[in-house]
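Labels below follow one simple rule: chain letters A, B, ... track the order of the sequence lines, proteins then strands, and each chain is numbered from 1. Reckoned from all heavy atoms, side chains included, excluding hydrogens, waters and symmetry mates.
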Amino acid sequence: MTEPADNRPSDFIRDIIVEDLKSGKHKSVRTRFPPEPNGYLHIGHAKSIALNFGIAKEFGGVCNIRMDDTNPAKEETEYVESIMSDVRWLIDGWADTHLGGAPLYTSDYFDKLYEYAVDLARRGKAYVDDLSPEQTDEFRRTAKESPFRNRSVEENLDLLGRMKAGEFPDGAKTLRAKIDMSAPNIWLRDPVLYRIKHAAHHHTGDKWCIYPMYDWAHTLSDYIEGITHSLCTLEFEVHRPLYAWILEALELPPPRPRQIEFARLNLTYTVMSKRKLIQLVNEKFVSGWDDPRMITIAGLRRRGITASALRSFAYNIGITKYPSLNEMETLEHAVREEFNRIAQRRLAVLRPIKVVLTNWPNDKVEELDAINNPEDASTGTRKIPFGRELFIDRDDFMENPPPKYFRLKPGGEVRLKYSYIIQCEEVMKDSSGNVTELRCKIDIDSKSGGATANRKVKGTIHWVSAAHAVDAEVRLYDRLFKVPEPDADGDFKSFINPDSLEVVNAKLEPSLKEARPNERYQFERLGYFVLDPDSTQDRQVWNRTITLRDTWAKAAKK
RNA sequence: UGCCUCGUGGUGUAAUGGUAGCACAAGUGACUCUGAAUCACUUUGUCUAGGUUCGAGUCCUAGCGAGGCAGCCA
């Protein structure tokens with residue numbers, strides 16, 4: 001299925017939004033995507049981006065991008081750039097007109113957040129605590145009130161001001177919400193709102209030495225920006241009462257935002273956690289963050305997967321609160337479905353074996369017509385040269401084939417795509433028995449469109465004229481992990497697929513010389529391919545995005 | 001352990017008290033100058049036990065199972 005046009009997808013979040021609009025709670029819709037700028041975006045974020053921007057688009061609203069940068073120790077400017085370029089790539093031409101301020105920064109609200117904190121303390125709903133981090137944990141676990149819990153409003157205000165002024169060392173004090181230390185929900189047991197960190201911030205420099213915690217910053221940033229629906233993943237479910245408490249405690253006038261949680265993306269044959277992705281990079285299992293085997297946005301993009309295929313995938317898997325595990329096949333389907341429609345076909349030979357046509361004149365070259373895309377007649381045809389010496393793929397010849405193998409075999413016939421039927425007469429080998437060359441006879445009347453063009457042979461294979469072939473490096477990617485759930489148990493790195501990358505020297509049809517980096521091609525019978533940025537003037541490098549479905553390979557395996 | 005949330009074919013989802021549907025995957029066949037695509041067909045499901053109701057995937061109760069949270073991370 002492709003992206004919806006007018007019919008928007010249905011899920012419990014969109015149901016809530018429709019209801020809020022109908023009831024008049026909100027006049028318009030504003031969502032937000034709030035990455036922490038301390039890592040690269042991956043396909044899980046793509047699900048969230050598709051959701052938040054999809055909703056903004058469908059309801060005529062806006063989606064803000066906000067860097068959730070409340071922790072100076074972990075965040076860097078470098079990531080802001082990559083995050084923004086990934087987001088822009090994902091929404092370009094689709095929901096880019098619904099992009100709110102980009103990027104916004106939580107740190108831009110530090111002044112306001114502090115004012116709110118003062119307000120909260122003034123209302124007697126927050127206090128400065130001297131407990132150590134360890135004690136704070138201990139007291140919260142055991143539902144014990146801090147001895148500093150009942151300081152006067154004046155003292156709290158004074159201490160908070162001095163915290164801000166830098167009078168205390170890291171960890172000496174915190175500002176805590178005064179809620180209920182016996183609440184069953186831990187996040188209502190006087191959560192920390194501010195901590196002291198004498199650290200420079202990537203965006204505010206050294207203006208601050210106290211920094212707000214997630215719950216305080218996020219809730220109020222949503223409110224400040226006029227977010228109507230704050231969509232986050234399931235692990236924040238238990239924070240929702242605190243989200244609501246903050247808005248209520250400050251008696252903020254409506255409309256107030258509402259937090260709604262949905263299940264994060266899980267995918268088979270990969271890992272999703274930031275920590276594990278970092279390990280793959282640092283320990284050189286992949287070449288970098290944009291290695292085409294990575295499920296980072298940068299990796300998927302380099303692999304050749306399009307933003308629209310990613311969005312289509314996100315649309316297909318839906319939104320629920322059930323922590324599901326999606327099959328990689330669902331993503332692969334979204335890619336193949338789109339690429340079959342848009343990719344022009346070309347002939348390329350990955351593992352060449354030479355074929356000599358014994359009854360074809362030495363110097364004769366013929367130009368044959370080839371269809372660019374059978375799914376799209378408007379793309380027309382092109383010419384491909386044909387001569388006495390050709391390359392075919394090693395997979396398309398077997399000396400001792402199994403039953404139902406209908407490619408080339410000794411004495412057998414096969415159709416060369418867009419050209420003639422040939423018959424294998426002789427198999428040449430080197431001293432160690434490897435096949436080096438096939439000598440074949442051509443049926444000159446069998447040319448596509450010719451006298452006996454309709455003569456049926458079971459197999460049709462692709463080929464490239466040896467004299468005209470373009471040499472190129474082709475990188476054949478496969479799944480990075482051998483098992484569906486690499487992080488289910490044991491060390492996920494032990495399940496890495498040693499054959500996830502194979503590099504071959506391929507022979508391409510000459511028209512591919514003109515290929516450009518953003519174009520998708522189907523190499524007929526092989527898969528979908530895209531030019532890699534490693535390509536140079538002299539030598540192309542191609543990435544295989546994905547193979548074609550291959551029922552023969554499946555049958556042969558049995 | 002406490003608290004929160006969630007259980008619909010193999011997987012992902014829909015059904016808003018009224019015929020359990022769709023997609024992916026799998027299988028069979030047709031077609032084929034891509035073993036692709038396309039088309040047709042097929043297999044497989046409401047966690048369990050009670051209850052309410054003319055009628056329950058849906059509401060109620062209990063159980064079972066799964067996931068999340070218990071940072072001065074987000």
For [X], which contact category applies under a 4.0 Å heavy-atom criterion: base, sugar-phosphate, or nothing?
| X | answer |
| --- | --- |
| P374(A) | base |
| Y194(A) | nothing |
| L131(A) | base |
| E332(A) | nothing |
| Y405(A) | base |
| E524(A) | base |
| K417(A) | base |
| T233(A) | nothing |

Report yes if at least one side-chain N or O of [X] is closer than 4.0 Å to OP1 or OP2 of [N]; otherwise report no.
| X | N | value |
| --- | --- | --- |
| K197(A) | C73(B) | yes |
| R415(A) | U34(B) | no |
| R549(A) | A26(B) | yes |
| K554(A) | A26(B) | yes |
| R141(A) | C69(B) | no |
| R525(A) | G35(B) | yes |

Among [options], which nucleotide sits nearest the side chain of [X]?
| X | options | value |
| --- | --- | --- |
| V192(A) | C72(B), A74(B), C3(B) | C72(B) |
| D15(A) | C73(B), A23(B), U16(B) | U16(B) |
| W187(A) | A74(B), A37(B), U32(B) | A74(B) |
| R345(A) | A74(B), U34(B), C24(B) | U34(B) |

Can you tell me how the ring of W463(A) sits relative to the ring of F386(A), calling it parallel under 30°, perpendicular over 60° and tilted otherwise?
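Perpendicular, since the angle between the ring planes exceeds 60°.
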If a protein heavy atom is under 4.0 Å from the base, mark B; if only from the sugar-phosphate, S; if neither, -; do that for nucleotides 8-14 of chain B going 5' to 3'.
--BSSSS
Whether D222(A) and R66(A) form a salt bridge (side-chain N of Lys/Arg under 4.0 Å from carboxylate O of Asp/Glu) is what I want to check.
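Looking at R66(A) and D222(A), the cut-off is met.
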Determine, for E367(A) against K383(A), whether the closest basic-nitrogen to carboxylate-oxygen distance falls under 4.0 angstrom.
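No, no charged N to carboxylate O under 4.0 Å.
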Nucleic acid contacts - residues 236-246 of chain A versus RNA chain B, non-hydrogen atoms under 4.0 Å
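Within residues 236-246 of chain A, the residues near RNA chain B are F236(A), E237(A), V238(A), H239(A).
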Contacts to RNA chain B from residues 132-140 of chain A, heavy-atom cutoff under 4.0 Å, which residues?
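When residues 132-140 of chain A is checked for heavy atoms under 4.0 Å from RNA chain B, the hits, listed by number, are S132(A), P133(A), T136(A), D137(A), R140(A).
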Quick test of the criterion, 5.5 Å between centres and less than 30° between planes. Is W552(A) stacked on G35(B) or not?
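Base of G35(B): stacked against W552(A).
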Donor-acceptor pair (no angle test) under 3.5 Å: R407(A) side chain, G35(B) base:
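Pair found.
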Looking at the angle O4'-C1'-N9-C4 for a purine or O4'-C1'-N1-C2 for a pyrimidine, is G57(B) syn or anti, with syn meaning within 90° of 0?
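Anti, which is what one calls it when the glycosidic angle falls more than 90° from 0.
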Matching residue for D130(A) among R149(A), R176(A), K173(A) - test: salt bridge (Lys or Arg N to Asp or Glu O under 4.0 Å)
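Checked R149(A), R176(A), K173(A) against D130(A); only one passes salt bridge (Lys or Arg N to Asp or Glu O under 4.0 Å): K173(A).
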